[in-house]
Amino acid sequence: MHIPESRGVLVDLRRLPSPDDLLILLTVARLGRFNAVAETLGTTHTTISRRILALDKQLGGRTLERSPHGWELTDLGQDAVAAAEAIEGTLGALTNRIAHSEDVLSGLVRISTPDGFGAEFVAPALVRLQQGHPQLNVEMLSATRKVSQNRSGVDLEVVVGNLDVSNAQTIFLSNYFLRLYTSPQYAREHGLPATLDDVRQHGFVSYVESALQVAELGHRSTQLPVPRSSFQATSIFAQLEAVRHGAGIGLLPNFLAVGDPDFVPVLPDDFQRQLPIWAVARAESLRSAPVQAVLAAVRTEISDRQEVLAG
């Protein structure tokens, strides 16, 4: 099929790459894994692979290549993604005109975040963002880990601790503190340590060291003495409940315990640990308006409640 352009030039639509396939490539560039793309688009890994192969054939070269970190764009892929971003923007504007809406935020954003910080800061930020942009969908995945050196299958990662990243962009969000807390009940029954060395006489609550990717969150990295007994959990909320119910002294994020009468500070003048929180994303994701909006919403939430983090 041929159609005339405004300048009288005929275009063979059969020789143009499929817009659908270009948008699939754009999603692969943002998420980096075919399985994650398939989940987002409601299809299968096989279908994604087939559509990318069809696009490569249409363009006359490979748009993706494997690296130690997952799928990466070739030079041809970069050009194709630029075209896909233009298509995405044009279709979004058309959809808004049809719906008589000025809301440019729609689609799905996937974000991974440590569970405590995610519940306290990320979730409220995303709920408020969604209330203003009802066409925006969000998937929030709980993950307390180092930044993924492989393509992670999410648009945005929130991670804690020191970073070693060469294939993504990092955005500093804030610092926060880990401090020692126990419950009023435990303090009455066992007393409070007078020195850091006295911690060895108490039960201690923290992460499961053998499963912990971020060493700075664990007891071993604190140089505190080995406690009498330990309660370890992979969930910070399980640790909070263990401390609340008298399991011992816990190494807890200050923003989850400060000001709560169920938690008594332990040696607040002698021990604290400051950790940075970062947002990490690929350049392709950061060019997405929904991802930019999510990042801005999280940063606003942090700014509005900075005193809770600094505590």
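Side chains are part of it too, since the values below use all heavy atoms of this structure and drop only hydrogens, waters and symmetry mates. Everything numeric in this text was worked out from a predicted model, so none of it was measured.
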Inset, instruction - Evaluate the side-chain contact (heavy atoms from CB on, under 4.5 Å) criterion for residues Leu286 and Ile171: first the C-alpha distance (whole Å), next the side-chain angles of each, then the deciding distance (0.1 Å), finally the verdict. - result: CA-CA 11 Å; Leu286 287 176; Ile171 302 100; 4.1 Å; yes
Inset, instruction - Provide the closest heavy-atom pair for Met140 versus Val122 in the form atom of the first, atom of the second, distance. - result: SD-CG1, 3.6 Å
Inset, instruction - Report the distance from atom CG of Leu212 to atom CZ of Arg220, rounding to the nearest 0.5 Å. - result: 9.0 Å
Legend entry - Salt bridge flag under 4.0 Å for residues Glu120 and Arg305: yes
Legend entry - Neighbour count above 12 (heavy atom, 6.0 Å) for Asp197 CG: yes
Inset, instruction - Would you give the length of the straight line joining atom CG of Leu105 to atom CD of Gln135, rounded to the nearest 0.5 angstrom? - result: 9.0 Å
Inset, instruction - State whether the side chain of His190 and the backbone N or O of Gly248 hold a donor-acceptor pair below 3.5 Å, judged by distance alone. - result: no
Inset, instruction - Assess the pair Tyr186 and His202: is the distance between their ring centroids shorter than 6.0 Å? - result: yes
Inset, instruction - Kindly give the heavy-atom pair with the smallest separation between Asp115 and Ser142, and that separation in Å. - result: CB-OG, 3.8 Å
Legend entry - Side chains of Ser174 and Gln306, donor plus acceptor under 3.5 Å: yes
Inset, instruction - Identify, with sequence neighbours excluded, every residue that meets salt bridge (Lys or Arg N to Asp or Glu O under 4.0 Å) alongside Arg273. - result: none
Inset, instruction - For Ala123 and Ala119, work out which heavy atoms get closest and say how close. - result: CB-O, 4.0 Å
Inset, instruction - Say whether Thr47 and Thr44, considering side chains only, have a donor N or O and an acceptor N or O under 3.5 Å apart. - result: yes
Inset, instruction - Please name all residues satisfying salt bridge (Lys or Arg N to Asp or Glu O under 4.0 Å) with Asp260, sequence neighbours left out, ordered by chain then number. - result: Arg244
Legend entry - Main-chain N/O of Glu284 paired with Ser288 side-chain donor or acceptor, under 3.5 Å: no
Legend entry - Side-chain heavy-atom pair Ile277, Phe172 within 4.5 angstrom cut-off: no
Legend entry - Spatial distance of atom CG (Leu59) from atom OG (Ser18) [nearest 0.5 Å]: 10.5 Å
Inset, instruction - Mind running side-chain contact (heavy atoms from CB on, under 4.5 Å) on Val81 and Leu73 for me, showing each step along the way? - result: CA-CA 9 Å; Val81 160; Leu73 293 169; 3.7 Å; yes
Inset, instruction - Could you tell me whether the side chain of Val138 reaches within less than 4.5 Å of the side chain of Leu108, counting heavy atoms only? - result: no
Legend entry - Glu139: partners by salt bridge (Lys or Arg N to Asp or Glu O under 4.0 Å), with sequence neighbours left out: Arg110
Inset, instruction - Measure the spacing between CD of Glu241 and CG of Asp262 and express it to the nearest 0.5 Å. - result: 8.5 Å
Inset, instruction - Please name the residue in the list Leu224, Leu252, Thr222 that meets the side chain to side chain contact (heavy atoms under 4.5 Å, CB included) test with Leu180. - result: Leu224
Inset, instruction - Might you point out which heavy atoms bring Gln130 and Leu136 nearest each other, and give the distance in Å? - result: NE2-O, 2.9 Å
Legend entry - Lys57 side, atom NZ; Asp21 side, atom CG - distance, nearest 0.5 Å: 12.5 Å
Inset, instruction - State, with a plain yes or no, whether a side-chain heavy atom of Ile236 is found less than 4.5 Å away from one of Pro253. - result: yes
Inset, instruction - From the options Glu157, Gln169, Glu72, select the one residue that forms a side-chain hydrogen bond (donor to acceptor under 3.5 Å, both in side chains) with Arg282. - result: Glu72
Legend entry - Exercise: identify the closest heavy-atom pair between Asp155 and Ala281: O-CB, 3.4 Å
Legend entry - Leu76 vs Arg62 side-chain heavy atoms within contact, under 4.5 Å: no
Inset, instruction - Apply the test side-chain contact (heavy atoms from CB on, under 4.5 Å) to residues Gln274 and Leu178: give CA-CA distance (whole Å), side-chain angles for both, the deciding distance (0.1 Å), then the verdict. - result: CA-CA 6 Å; Gln274 179 177 288; Leu178 295 173; over 6 Å; no
Legend entry - Heavy-atom donor-acceptor pair, Trp278 side chain to Gly161 backbone, under 3.5 Å: yes
Inset, instruction - For residues Val160 and Tyr176, determine if any side-chain heavy atom of one lies less than 4.5 Å from a side-chain heavy atom of the other. - result: yes
Inset, instruction - Examine the side chains of Arg228 and Gln201 and answer whether a donor and an acceptor come within less than 3.5 Å of each other. - result: no
Inset, instruction - State, yes or no, whether a side-chain contact exists between Ser49 and Phe34 at a heavy-atom distance under 4.5 Å. - result: yes
Legend entry - Considering all heavy atoms, the nearest Pro184-Phe263 contact: CD-N, 4.3 Å
Legend entry - Rounded distance [0.5 Å steps], CD in Gln58 versus CG in Leu22: 9.5 Å
Inset, instruction - For the residue pair Phe271 and Arg179, establish whether any side-chain heavy-atom pair is separated by less than 4.5 Å. - result: no
Inset, instruction - Measure the shortest side-chain to side-chain distance between Gln232 and Ser206 over non-hydrogen atoms and say whether it is less than 4.5 angstrom. - result: yes
Inset, instruction - State whether the side chain of Ser221 and the backbone N or O of Ala215 hold a donor-acceptor pair below 3.5 Å, judged by distance alone. - result: yes
Inset, instruction - Give a yes or no on this: more than 12 heavy atoms of other residues, nucleotides or ligands lie within 6.0 Å of atom CD of Gln223. - result: no
